[in-house]
Amino acid sequence: MAKKAEKDDIVTVDPLISTGVEKMILVIRGKQVLIDRDLATLYGVETRAINQAVKRNLERFPEKNCFQLTKDELPTSLKSQIVILNDRGNKRGLHIKKMPFAFTEQGVAMLASVLHSETAIRVSLQIMDAFVAMRHFMM
């Protein structure tokens with residue numbers, strides 16, 4: 001949302017609102033979550049950097065904070081990105097190369113602590129505000 005300064009005609013835009021972070025928040029397994037690739041976009045890193053951070057710090061990411069999606073849980077936008085695996089030219093079926101991770105609000109906070117960047121911390125705080133706003137909206 002744009003905010004207008006009282007004295008000036010300057011309009012500031014919150015980058016998370018302009019990127020539509022609220023639209024990125026999904027409800028999966030009854031929890032509000034963000035998918036790893038959306039977090040990577042917001043943090044300005046590659047998805048693999050997020051996945052590596054999780055794998056290196058598994059004790060910080062119990063299933064209540066971070067979980068890997070199943071094929072049935074994939075959002076429609078990701079289902080269109082199914083990779084066809086071939087074995088010597090024979091079609092073996094449709095498979096996701098790697099199933100994405102979903103992060104709850106607590107998972108996002110933990111992710112900021114293991115990514116060790118100012119951007120991750122700043123963006124995570126704003127993401128948490130978006131989670132709170134979504135909770136209030138749902139009530």
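All heavy atoms count here, side chains included; hydrogens, waters and symmetry mates do not. Just so we're clear, the structure is a prediction, and the values are computed from it rather than from any experiment.
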Looking at every non-hydrogen atom in both residues, tell me the closest pair between Val21 and Ala130 and how far apart they are.
CG1-CB, 3.6 Å
All heavy atoms of Ala49 vs all of Leu115, minimum pair found to be O-CD2, 4.4 Å
Gap separating the SG atom of Cys66 from the CG atom of Leu34, nearest 0.5 angstrom
11.5 Å
Stepwise side chain to side chain contact (heavy atoms under 4.5 Å, CB included) test for Lys98 and Thr47
CA-CA 11 Å; Lys98 288 190 178 180; Thr47 304; over 6 Å; no
Could you tell me whether a side-chain N or O of Asn57 sits under 3.5 Å from a main-chain N or O of Ala53, the two making a donor and an acceptor?
yes
Residue pair Arg60, Ser113: steps toward the side chain to side chain contact (heavy atoms under 4.5 Å, CB included) verdict
CA-CA 10 Å; Arg60 294 176 181 249; Ser113 72; 3.6 Å; yes
Counting N and O atoms only, with roles assigned by atom type, does the side chain of Asp36 sit under 3.5 Å from a partner on the main chain of Phe101, one being a donor and the other an acceptor?
yes
So, the side chain of Gln68 versus the backbone of Met99: is there a donor-acceptor pair under 3.5 Å, distance only?
yes
When every non-hydrogen atom of Lys31 is compared with those of Glu63, the smallest separation belongs to NZ-O, 3.8 Å
Passes side chain to side chain contact (heavy atoms under 4.5 Å, CB included), Ile28 versus Ile35? Steps please.
CA-CA 10 Å; Ile28 300 175; Ile35 304 300; 4.2 Å; yes
Does a salt bridge link Glu46 with Arg37, judged by any charged N lying under 4.0 Å from a carboxylate O?
no
Which pairs would a plain distance check flag for residues 103-111, meaning a side-chain donor or acceptor within less than 3.5 Å of a matching protein atom at least two apart in sequence or in another chain?
from	atom 1	to	atom 2	distance (Å)
Thr104	OG1	Lys64	O	3.4
Thr104	OG1	Asn65	O	3.2
Thr104	OG1	Gln106	N	3.4
Thr104	OG1	Gln106	OE1	3.3
Thr104	OG1	Gly107	N	3.3
Glu105	OE1	Arg135	NH1	2.6
Glu105	OE1	Arg135	NH2	3.3

Check for a donor-acceptor pair, side chain of Glu73 on one end and backbone N or O of Thr70 on the other, with a separation under 3.5 Å.
yes
Should Tyr43 and Ile127 be marked as a side chain to side chain contact (heavy atoms under 4.5 Å, CB included) after you check the CA-CA gap, both sets of side-chain angles, and the distance that decides it?
CA-CA 10 Å; Tyr43 291 149; Ile127 290 171; 4.3 Å; yes
I'd like to check Arg56 versus Val114 (side-chain heavy atoms, cut-off strictly below 4.5 Å). Are they in contact?
no
